[in-house]
Amino acid sequence: MKRAVLISALHKKILRWYRQNGRELPWRKTSDPYRILLSEIMAQQTQVSRVEIFYTKWLAKFPTLQSAARAKTREILLQWSGLGYNSRALRLHALAKFVVKNYRSRLPHSVEELQKLPGIGAYTSHAVACFAFRQQLPVVDVNIKRILLRIFGYTTRLTDKEIWKLAEEILPSGKAYHWNQALMDFGAVICTARNPKCAICPVQKECASAFSPMFNVPEKRKKKEPSRKGIPRRLYRGKILKMLHYTVLTEKEIAEQLWHSFSSRDVLWLHNLLHQMIADGLLKRLRGKLGIAE
DNA sequence: GAGACGTGGTG
DNA sequence: TCACCAAGTCT
């Protein structure tokens, strides 16, 4: 099949699938760049079904970029609590303050300017430029990457640059918004990471990997993450942050809440962890105790 | 560029 | 059960 014919078929079939099966998501009904940005930040490494809940709660508390900019760090972290990757909340807070102060509360439109803002990388900058400002740009997230690699049958590793180039090449003229949204839904529902639904896939005939037994083989074995007493370090960070939402504690008091018994080496380990959380802007020291950052 | 970063769902 | 996975970014 000629490439142009293949791409045309993909456009037609995937866009039709999307019209019939696309998810109804709150940020697809708004043109407010702040709301669209919020949804994209929240969706980073987070399932959309969980984002919806936090998105609604957040907007009830911080309906505008200005209101988020004015908020205390404690309120920001409290609203984010439970969603994960708490640094995203801090970066969004910093972004809001910066844009209110330097850009008259208006988000920049260009990918280049967006990407200078905290918490916005390649994916989010393109997503905001396309979804909020309707620019004809490709978007590459984990879904779209997976779909493209499968359909075009790439077995060798592609660099990020090559994937983005491919995404740009197949962008249907004038339909970037719906195409990008369609691909992400398609990846979440049909072309899933494990057990993709090839049997009901609308582009089964166009796909180089349909029914491939190579699915379900993890790409790379993840190296074990740092942990203490069998509990990953990042879980400690989450627990500690929640502990300190409404109070301040000494390092010893934190240790007592974490562990039934602990050694001096455990205390040193905890001290270093807290030091890192302070460096990350999550916590601060006050009168010998730890609390949420200002 | 590999590793760190939260939390909850899933096969 | 438990390792993988989820609209990535930063260092």
Side-chain angles (χ1 to χ4, degrees), chain A residues 18 22-23 25-28 35-55 77 79-92 94-95 114-132 137-148 157 159-161 163-164 167 177 179-189 191-197 215-228 230-243 245 272-273 276-277 279-283:
Chain A
Y18 178 62
R23 297 174 290 186
L25 301 172
W27 46 92
R28 286 178 179 164
R35 292 182 177 230
I36 291 168
L37 170 66
L38 176 66
S39 74
E40 296 302 340
I41 303 265
M42 285 187 161
Q44 291 167 2
Q45 292 287 282
T46 307
Q47 292 178 348
V48 165
S49 57
R50 301 186 53 240
V51 170
E52 291 188 70
I53 301 161
F54 284 83
Y55 173 85
L77 289 173
Q79 284 304 309
W80 201 271
S81 180
L83 190 56
Y85 288 135
N86 299 302
S87 289
R88 288 185 296 175
L90 297 182
R91 292 179 188 135
L92 176 58
L95 181 156
L114 285 165
Q115 215 159 143
K116 290 178 188 170
L117 301 173
I120 299 192
Y123 166 77
T124 308
S125 59
H126 284 75
V128 170
C130 180
F131 302 146
L137 292 171
V139 167
V140 176
D141 74 329
V142 68
N143 288 302
I144 296 179
K145 178 178 178 180
R146 183 176 62 246
I147 294 166
L148 297 185
R157 285 226 181 292
T159 63
D160 281 353
K161 196 172 179 181
I163 304 255
W164 278 90
Y177 180 105
W179 175 249
N180 289 326
Q181 295 279 354
L183 284 181
M184 289 194 282
D185 274 15
F186 186 72
V189 176
C191 198
T192 49
R194 288 178 290 185
N195 303 318
K197 316 294 182 295
F215 295 140
N216 301 330
V217 178
E219 284 299 327
K220 262 186 284 188
R221 205 171 293 280
K222 280 196 177 96
K223 193 187 166 194
K224 218 177 88 176
E225 60 179 326
S227 62
R228 194 82 183 170
I231 298 172
R233 175 188 157 102
R234 64 169 104 187
L235 297 193
Y236 282 107
R237 291 172 54 112
K239 280 177 185 238
I240 290 166
L241 197 63
K242 281 189 178 170
M243 260 182 221
H245 272 320
N272 289 331
L273 184 156
Q276 185 60 51
M277 290 182 74
D280 291 341
L282 290 163
L283 304 181

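These numbers come from the heavy atoms of this one structure, side chains and all, not from hydrogens, waters or symmetry mates. Here is how names work: the chains are called A, B, and so on, in the same order as the sequence lines, proteins then strands, and each is numbered from 1.
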Legend entry - Distance, P atom - from B:dG11 to C:dA7, rounded to whole angstrom: 14 Å
Legend entry - Under 4.0 angstrom between A:Arg88 side-chain N/O and C:dC10 OP1 or OP2: no
Legend entry - Close aromatic pair by centroid cut-off 6.0 Å: A:Phe131 and A:Tyr177: yes
Inset, instruction - Rounded to the nearest angstrom, tell me the gap between atom CE in A:Met42 and atom C1' in C:dA6. - result: 15 Å
Legend entry - Rounded distance (nearest 0.5 Å) linking atom OG1 of A:Thr192 with atom CG of A:Asn143: 9.5 Å
Inset, instruction - Would you mind reading off the distance between A:Ile53 atom CD1 and B:dG6 atom P, rounded to a whole angstrom? - result: 20 Å
Inset, instruction - Take the protein atom CG of A:Leu92 and the nucleotide atom C1' of C:dA7, then report the distance between them rounded to whole Å. - result: 15 Å
Legend entry - Euclidean distance, atom CZ of residue A:Phe215 to atom P of C:dC4 [Å, nearest integer]: 19 Å
Legend entry - Expected output: side-chain A:Asn86 to main-chain A:Leu241 donor-acceptor under 3.5 Å: no
Legend entry - Length of the CD1-C1' vector between A:Ile147 and C:dA7, whole Å: 11 Å
Inset, instruction - Remember a base hit wins even if backbone is also touched, and classify A:Val142 as base, sugar-phosphate or nothing at under 4.0 Å, heavy atoms. - result: sugar-phosphate
Legend entry - Short side-chain to backbone donor-acceptor contact, A:Tyr18 and A:Asn180, under 3.5 Å: no
Legend entry - Under 3.5 Å side-chain donor-acceptor pair for A:Arg28 and A:Gln181: yes
Inset, instruction - Measure from OH on A:Tyr177 to C1' on C:dA7 and round the result to the nearest Å. - result: 13 Å
Inset, instruction - Could you give me the CA-CA distance, side-chain angles and deciding distance for A:Arg194 and A:Phe215, then say whether side-chain contact (heavy atoms from CB on, under 4.5 Å) is met? - result: CA-CA 7 Å; A:Arg194 288 178 290 185; A:Phe215 295 140; over 6 Å; no
Legend entry - Protein-nucleotide distance (A:Glu52, atom CD; C:dA6, atom P), rounded to Å: 18 Å
Legend entry - Side chain of A:Ala193 (C-beta onward), nearest among C:dA6, C:dA7, B:dC5: C:dA6
Legend entry - Sugar-phosphate, base or nothing in reach of A:Leu25, heavy atoms under 4.0 Å: base
Legend entry - Spacing of A:Arg233 atom CZ relative to B:dC5 atom C1', expressed in whole Å: 10 Å
Inset, instruction - Could you tell me whether the side chains of A:Tyr123 and A:Glu40 share a donor-acceptor contact shorter than 3.5 Å? - result: yes
Legend entry - Proximity to DNA chain C (any heavy atom under 4.0 Å), residues of residues 118-128 of chain A only: A:Pro118, A:Gly119, A:Ile120, A:Gly121, A:Ala122, A:Tyr123, A:Thr124
What protein N or O atoms touch nucleotides 7-11 of chain B N or O atoms at under 3.5 angstrom, if any, and at what distances?
residue	atom	partner	partner atom	Å
B:dG11	O3'	A:Asn195	ND2	3.1

Inset, instruction - Assign A:Trp27 to base, sugar-phosphate, or nothing according to its heavy-atom contacts below 4.0 angstrom with the strands shown. - result: base
Legend entry - C1' gap between B:dG1 and C:dC10, integer Å: 12 Å
Legend entry - A:Asp280 and A:Arg91 ion-paired at < 4.0 Å: no
Inset, instruction - Answer yes or no: is there an ion pair linking A:Arg233 with A:Glu225, defined by an N-O contact shorter than 4.0 Å? - result: no
Legend entry - Gap in Å between the two C1' atoms, one belonging to B:dG6 and one to C:dA6, rounded: 12 Å
Inset, instruction - Kindly say whether the aromatic ring centers of A:Tyr55 and A:Trp27 come within a distance under 6.0 Å. - result: yes
Inset, instruction - Answer with base, sugar-phosphate or nothing: what part of the nucleic acid does A:Ser87 contact at a heavy-atom distance below 4.0 Å? - result: sugar-phosphate
Inset, instruction - For A:Arg23, answer base if it contacts any base atom (sugar-phosphate contacts may also be present), sugar-phosphate if it contacts only those atoms, and nothing otherwise; contact means non-hydrogen atoms under 4.0 Å. - result: base
